[in-house]
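As the structure is a computational prediction, the values presented were derived from the model and not from experiment. We use all heavy atoms of the structure for the numbers below, so side chains are in, but hydrogens, waters and symmetry mates are not.
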Amino acid sequence: MQRLMDDSGYFLSRTNPIANIDQRDIEATAIRIFARSDVQVAVKRAERMYQLVTDRRLSAEQMAMCGPAARDFSFKSVIMAVNSDPARPRVVRKNCPAGKWLGNDVPPSKWGGDNPDNAYRIIPLAHWMRYELRGQRQPNPSTYVTFQQVGDSNTTVTLGSLEQQDVKIAADGSYVITLDGDPANGRTNHFTLHRDVKYLFIRDSLGDWRQEPDALRIHKLDGPTHPALDDEELARRAIHNIIYDVYQAWYYSQIFTNVDPDEMDEPRGAGPSGGLVSQLGSHGHFKLNDDDAILITAEGGGANYRNVVLHDMWLRSLDFRNYQSHLNNVQTAPDADGRFTYVISIKDPGIQNWLDPAGTHEVLVLYRWQGLPNGSATKPPAISTRRVKLSELAAALPPGVKKVTPEERRALQARRVAEFDRRFAV
């Protein structure tokens, strides 16, 4: 049983801190706004905007994903709009696969290189108001948590960052973070709000899918109040997000295609491109034939959290519940020399660190390192790639790569599904 902060009825589950009144109500409203005809017109416009810059560049296989990608991106934009009032802040998870829970049939909201290990949550804020964020670490807590002030509805303009290691946490796992426009003046766990802040963006990185994100609840201490935004205003904000955020969404996918073919680029900080400021990332873009195998070998770099994720060309993570299209440090087996070798291939190569592209033949790849020693790496972890035919794979693998039998693969996949499903437990 998890540690929750109160018994007022806010939390709707004793095992899942994400299941709360804020999540239920925001998702229900977002589904209603998403179904409006004017919002659906904006969704179709966003799809056409994507098509205009891709229809002669991408394969028919990838173009078939354009409509679903536009809808995922648009539903994310609607969630941002529905939870955009800093006078009525709520804690809401976004950037998720679809889920049926809390009485809602929630569409997917994946976009922007979403991380399968993360619980992404947003809270709208304004620098002239005062807030108190109450948090509770769980008995099996997330590996790493960050709190970022962001200045846009794509949550990419970082204005300030607070790392878990800098938050004072009580012996029982509880903590309180104060947020307002004033300096700390001796206050612990204080986050001075930037004048351009729009949201607090929280990432709980679950380095082990049996972990749980922090239980969170936001309280506005003072500031103006007004009636709740009506559906017309929420739709107006959603349409604005959908249309104007497309340009930036397309920009992020180009980071991956601006890499030499068959290579992962040198790890670099994610902050300048809108990612987590304390993270190093390496990007790649690969086209696969049915008999190809792409080997990726990476150093751990001493990071306390790492993962590698396959995305489609729209920068959505592939189906990571039903396919092993992602692996984190807990799910990854080391080579004999302590490095980590992965194989991307259409067919199962019989090694534990298989990255399954779910039948797609073109993927974007992101490798992440977080919690590096001293907060950064003076020498970035090395990462290399090699393309071979599946028939040549055995000879190309470095020593100590862990093999798996078909039975072991089925067991790994069954565990994956069971651990994923905890995200929507009530």
#### Entry: Separation between OH of Tyr10 and CZ of Arg217, rounded to the nearest 0.5 Å
6.0 Å
### Query
Should Arg130 and Asp182 count as an ion pair when the cut-off is N to O under 4.0 Å?
no
### Minimum-distance pair of heavy atoms, taken over all atoms of Ser253 and Leu315
N-CD2, 3.7 Å
### Query
Do Trp250 and Tyr252 have ring centroids that are under 6.0 Å from one another?
no
### Message
Could you check whether any side-chain N or O of Tyr367 sits under 3.5 Å from a backbone N or O of Arg306, counting only pairs where one atom can act as donor and the other as acceptor?
### Response
no
### Message
Quick check: His283 with Phe256 (ring centres under 6.0 Å apart)?
### Response
yes
### Message
If we check side chain to side chain contact (heavy atoms under 4.5 Å, CB included) with Val308, which of these qualifies: Val365, Ile383, Leu366?
### Response
Val365
### Task
Tell me yes or no: between the side chains of His361 and Asp290, is some donor less than 3.5 Å from an acceptor?
yes
### Query
Relative to each other, are the rings of Trp209 and Phe320 parallel, tilted or perpendicular (30° and 60° limits)?
perpendicular
### Ring centres under 6.0 angstrom apart (Phe34, Phe75)
yes
#### Entry: Test: Glu27 and Arg93 ion pair at under 4.0 Å
no
### Query
For the ring pair Tyr50 and Trp314, is the centre-to-centre distance below 6.0 Å?
yes
### Query
Are Glu266 and Arg268 within salt-bridge range, i.e. N to O under 4.0 Å?
no
### Query
Is the side chain of Asn83 donor-acceptor paired with the backbone N or O of Arg90 at a distance under 3.5 Å, no angle test?
yes
### Query
Would you say Tyr323 and Leu318 make side-chain contact, with heavy atoms under 4.5 Å?
no
### Query
Side chains of Glu163 and Tyr144: donor-acceptor distance under 3.5 Å anywhere?
yes
#### Entry: Between CG on residue Asp85 and NE2 on residue His226, distance to nearest 0.5 Å
3.5 Å
### Query
Within the distance-only criterion (no hydrogens, no angle test), does the side chain of Asp291 pair as donor or acceptor with the backbone N or O of Lys389 below 3.5 angstrom?
no
### Query
Would you say the side-chain atoms of Ser109 pair up with the backbone N or O of Cys96, donor to acceptor, closer than 3.5 Å?
yes
### Task
Verify whether one side chain among Thr257 and His285 offers a donor that lies under 3.5 Å from an acceptor in the other.
no
### Task
Using atom types as modelled and distance alone, determine if a side-chain donor or acceptor of Asp421 lies under 3.5 Å from a backbone N or O of Glu419.
no
#### Entry: From Asn95, Asp114, Asn241, Asn154, residue fulfilling side-chain hydrogen bond (donor to acceptor under 3.5 Å, both in side chains) relative to Lys76
Asn154
## Note on the structure
Test side-chain hydrogen bond (donor to acceptor under 3.5 Å, both in side chains), reference Ser142, set Asp208, Asp204, Asn118, output is Asp204
### Message
Hydrogens and angles aside, do Gln149 and Thr158 bring a side-chain donor and acceptor to less than 3.5 Å of each other?
### Response
no
### Message
Any salt bridge linking Arg237 with Glu233? Criterion: basic side-chain nitrogen under 4.0 Å from a carboxylate oxygen.
### Response
yes
### Query
Taking everything shown except Arg339 itself, do over 12 heavy atoms lie less than 6.0 Å from its CZ?
no
#### Entry: Aromatic centroids of Phe147 and Phe201 separated by under 6.0 Å
no
### Task
Among Gln370, Arg368, His326, Gln331, find the one that has a side-chain hydrogen bond (donor to acceptor under 3.5 Å, both in side chains) with Asp117.
His326
### Task
Could you walk me through whether Tyr305 and Asn307 pass the side chain to side chain donor-acceptor pair (under 3.5 Å) test, one step at a time?
CA-CA 7 Å; Tyr305 168 76; Asn307 78 357; 3.0 Å; yes
### Query
Between the side chain of Glu362 and the main-chain N/O of Asp312, is any donor-acceptor distance below 3.5 Å?
no
### Query
Counting only heavy atoms not in Tyr175, do more than 12 fall under 6.0 Å of its OH?
yes
### Query
Got a salt bridge between Asp231 and Arg32, using NZ or NE/NH1/NH2 to carboxylate O under 4.0 Å?
yes
### Message
Check Asp262 with Arg387, please: is the shortest side-chain N to carboxylate O separation under 4.0 Å?
### Response
yes
